[in-house]
Amino acid sequence: MSLVLGIETSCDETGAGLVRDGTLLGEGLASSADEHARFGGVVPEVAARAHVSAVVPTVRAAVAAAGVSLSDVDAVAVTAGPGLSPALHVGVAAAKAYATALDVPLYGVHHLAGHAAVDVLEHGPLPARCICLIVSGGHTSLLSLGDLARDPVEHLGDTVDDAAGEAFDKVARLLGLPYPGGPSVSAAALDGDPAAVAFPRPMTGPRDAAFGFSFSGLKTAVARHVEAAQDAGRPVPVPDVAASFQMAVVDVLVRKALRACAERGADTLLMVGGVAANRVLRAEMERACAAAGITLRVPAPRLCTDNGAMIAALGDLLVRSGIGPAGLATTAVPTVPLTGASVPVPPAEGEAAAHPLPTTATAGRIIAS
């Protein structure tokens with residue numbers, strides 16, 4: 001059984017995890033969110049500097065929590081994309097250093113596929129086919145998944161502008177709530193009426209893409225509501241606006257996810273990503289899935305946000321499936337589309353676009369104290 005070290009640095013969390021045969025043995029996590037709060041969003045260079053400081057201590061924390069030695073690691077997996085370019089490069093450089101020092105294979109993996117893989121750590125292997133809703137700060141997508149390690153990922157629909165988490169951040173700023181917007185809007189909504197404001201449900205009309213998303217217009221509707229109250233000299237009812245906005249997002253996500261399951265004949269829905277930690281979304285999706293006879297799989301909230309465990313879990317799936325690593329050819333690809341678990345190595349200048357990945361792994365290792 002191979003022990004896989006996973007490293008995640010795509011945004012403002014520095015994560016490390018150790019997984020063996022589908023079991024999480026230890027993890028470490030550091031966040032630079034507080035450093036970005038005064039900017040109202042993540043600053044790539046600030047995030048990168050934080051990763052430089054945190055990546056080694058985070059790996060050490062994961063190793064200590066697992067009760068193993070770094071020399072026990074059999075393979076390294078790292079987020080190679082998508083994400084913030086300066087942040088990704090820190091993680092990839094660190095992963096290359098660990099893989100070289102330990103003389104073990106290196107896998108460059110897709111961040112979003114990692115979000116899907118993390119559920120395996122809690123609920124066991126995924127079914128042969130399922131629908132996956134990825135809902136995070138930068139992505140909102142409906143996917144059809146087979147074997148996550150081997151099969152191509154089929155996109156049913158994606159957001160055409162703002163992702164759901166991005167909309168939460170923007171609405172938080174409109175309401176004077178702190179960054180990050182997801183937790184602050186959710187907290188404000190606890191005291192609000194979700195039916196107080198009739199915000200639109202975007203992309204749910206008969207002529208709209210069945211599985212597409214768009215949250216920019218919803219954010220604009222909130223802005224206009226806030227401006228109208230301010231122009232009239234009325235206080236903005238922050239809890240009611242927050243609750244009504246949140247329910248509009250949740251309603252769209254639930255409707256489209258259930259429709260995808262129905263049209264594809266899927267009996268399992270996997271919901272992952274940072275916004276999947278939202279308690280109202282989890283409750284409404286659970287209710288809707290139960291009524292439709294669909295099994296809902298959602299990781300624990302701490303595993304929904306970016307972490308190293310999800311990257312180790314995906315690396316573990318690749319190793320157990322016999323997929324070859326990219327090795328030191330691995331590079332950061334900030335805008336790579338999700339087509340499969342691994343991030344393809346870009347072709348060198350003058351090479352063909354279809355650049356095959358290596359099929360053999362380095363077997364040796366050094367014994368480090």
Side-chain angles (χ1 to χ4, degrees), residues 1-10 13-29 55-56 58-81 88 91-126 147-150 272 299 302-303 306-330 340-343 345 357-368:
M1 301 288 184
S2 297
L3 178 64
V4 180
L5 168 65
I7 297 174
E8 155 64 27
T9 65
S10 67
E13 276 86 26
T14 310
L18 285 160
V19 170
R20 177 186 282 133
D21 195 27
T23 299
L24 177 61
L25 302 182
E27 59 182 320
L29 186 67
V55 66
V56 171
T58 301
V59 170
R60 287 175 177 166
V63 169
V68 299
S69 169
L70 194 58
S71 63
D72 294 322
V73 170
D74 297 290
V76 178
V78 63
T79 299
L88 288 170
V92 170
K96 288 183 176 182
Y98 281 112
T100 300
L102 298 170
D103 195 17
V104 297
L106 173 63
Y107 292 80
V109 303
H110 200 287
H111 176 79
L112 299 183
H115 273 302
V118 78
D119 189 68
V120 172
L121 301 178
E122 285 198 301
H123 301 123
L126 293 172
D147 185 319
L148 191 57
R150 295 180 178 276
V272 297
R302 69 179 183 83
L303 292 178
D306 294 349
N307 60 81
M310 70 187 204
I311 304 306
L314 185 56
D316 176 62
L317 289 177
L318 290 169
V319 169
R320 286 191 282 144
S321 296
I323 307 298
L328 297 183
T330 297
S342 298
V343 171
V345 177
L357 296 180
T359 58
T360 57
T362 304
R365 78 141 40 113
I366 59 171
I367 304 300

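Owing to the predicted nature of the structure, the values given are computational and were not obtained by experimental measurement.
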- Message: Quick check for you: to the nearest 0.5 Å, what is the distance between L303 atom CG and E27 atom CD?
- Response: 6.0 Å
- Query: OG1/T79 to CD1/I7 distance, rounded to the nearest 0.5 angstrom?
  - Reply: 9.5 Å
- Take V59 and Y98, measure what side chain to side chain contact (heavy atoms under 4.5 Å, CB included) needs, and give me the verdict at the end. CA-CA 10 Å; V59 170; Y98 281 112; 3.6 Å; yes
- Task: Evaluate the criterion side chain to side chain contact (heavy atoms under 4.5 Å, CB included) for residue pair H111 and D306; output intermediate values, then yes/no.
- Result: CA-CA 9 Å; H111 176 79; D306 294 349; 3.1 Å; yes
- Message: Nearest 0.5 angstrom please: M310 CE to E8 CD, how far?
- Response: 4.5 Å
- Identify the two heavy atoms, one from G15 and one from T58, that lie closest to each other, and give their separation to 0.1 Å. C-CG2, 3.9 Å
- Query: For the atom pair CZ (R320) and CZ (R20), what is the distance rounded to the nearest 0.5 Å?
  - Reply: 12.0 Å
- Measuring from L148:CG to D119:CG, what's the distance to the nearest 0.5 Å? 11.0 Å
- Message: To check you understand the geometry: which heavy-atom pair defines the closest contact between D316 and D21, and what is its length?
- Response: OD1-N, 3.1 Å
- Message: Using every non-hydrogen atom in the two residues, find where L318 and A341 come nearest and quote the distance to one decimal.
- Response: CD2-CB, 3.9 Å
- Let me know which of V78, L317, V343, I311 forms a side-chain contact (heavy atoms from CB on, under 4.5 Å) with V109. I311
- Message: So if I apply the side-chain contact (heavy atoms from CB on, under 4.5 Å) rule between L18 and each of L70, V68, D72, which one comes out positive?
- Response: V68
- Task: Kindly give the heavy-atom pair with the smallest separation between N307 and L29, and that separation in Å.
- Result: CA-CD1, 4.2 Å
- Task: Heavy atoms only: give me the nearest R302-L24 pair and the separation to one decimal.
- Result: NH2-CD2, 4.3 Å
- For the pair S69 (side chain) and S71 (backbone), establish whether a donor and an acceptor sit closer than 3.5 Å, ignoring hydrogens and angles. yes
- Message: side chain to side chain contact (heavy atoms under 4.5 Å, CB included) for L25 and L3? Distances and angles first, verdict last.
- Response: CA-CA 9 Å; L25 302 182; L3 178 64; 3.7 Å; yes
- Query: Donor-acceptor pair, K96 side chain versus L106 backbone, under 3.5 Å?
  - Reply: no
- Note on the structure: Between A309 and V118, the two heavy atoms sitting closest are C-CG2, 4.5 Å
